[in-house]
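First the structure, in the form of structure tokens, and then the observations on it.
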Amino acid sequence: MIWSLIVGAIIGAVAGAITNRGESMGWISNILAGLIGSAIGQAVLGHWGPTLADMAIIPSIIGAVVLVLVVSAVLGIRARN
């Protein structure tokens, strides 16, 4: 359980860094984005590539990036440039 939270936080942080929205997300948001994005990514793209804590890393990151972009668009959050 703890390992899943740690991997979820890392996946969420990577998604925030890719989308330039990492500064506005806290660590709880990173964990949620990582865990929910992982579930979405694996449901849509399948369970392939390297895994950590039973999460396929590449589909999980893609799912988390899509999730962060959708949530940012819905909430109207813009990246700081």
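The first residue of the sequence shown is numbered 1, and numbering continues consecutively from there.
- Residues satisfying the side-chain contact (heavy atoms from CB on, under 4.5 Å) criterion with Val66, sequence neighbours excluded, are Val70.
- Here Ile57 contributes atom CD1 and Leu52 contributes atom CG; the two are 4.0 Å apart, rounded to the nearest 0.5 Å.
- Sequence neighbours left out, the pairs with a member in residues 48-63 that pass side chain to side chain donor-acceptor pair (under 3.5 Å) are Ser38-Ser60, Gln42-Ser60.
- With sequence neighbours left out, Ile31 forms a side-chain contact (heavy atoms from CB on, under 4.5 Å) with Leu5, Ala9, Trp27, Leu35.
- Here OG1 of Thr19 is found 10.0 Å from CG of Leu67. Values are rounded to the nearest 0.5 Å.
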Please tabulate, for the side chains in residues 10-18, all donor-acceptor contacts under 3.5 angstrom to protein atoms that are two or more places apart in sequence or on a different chain.
none

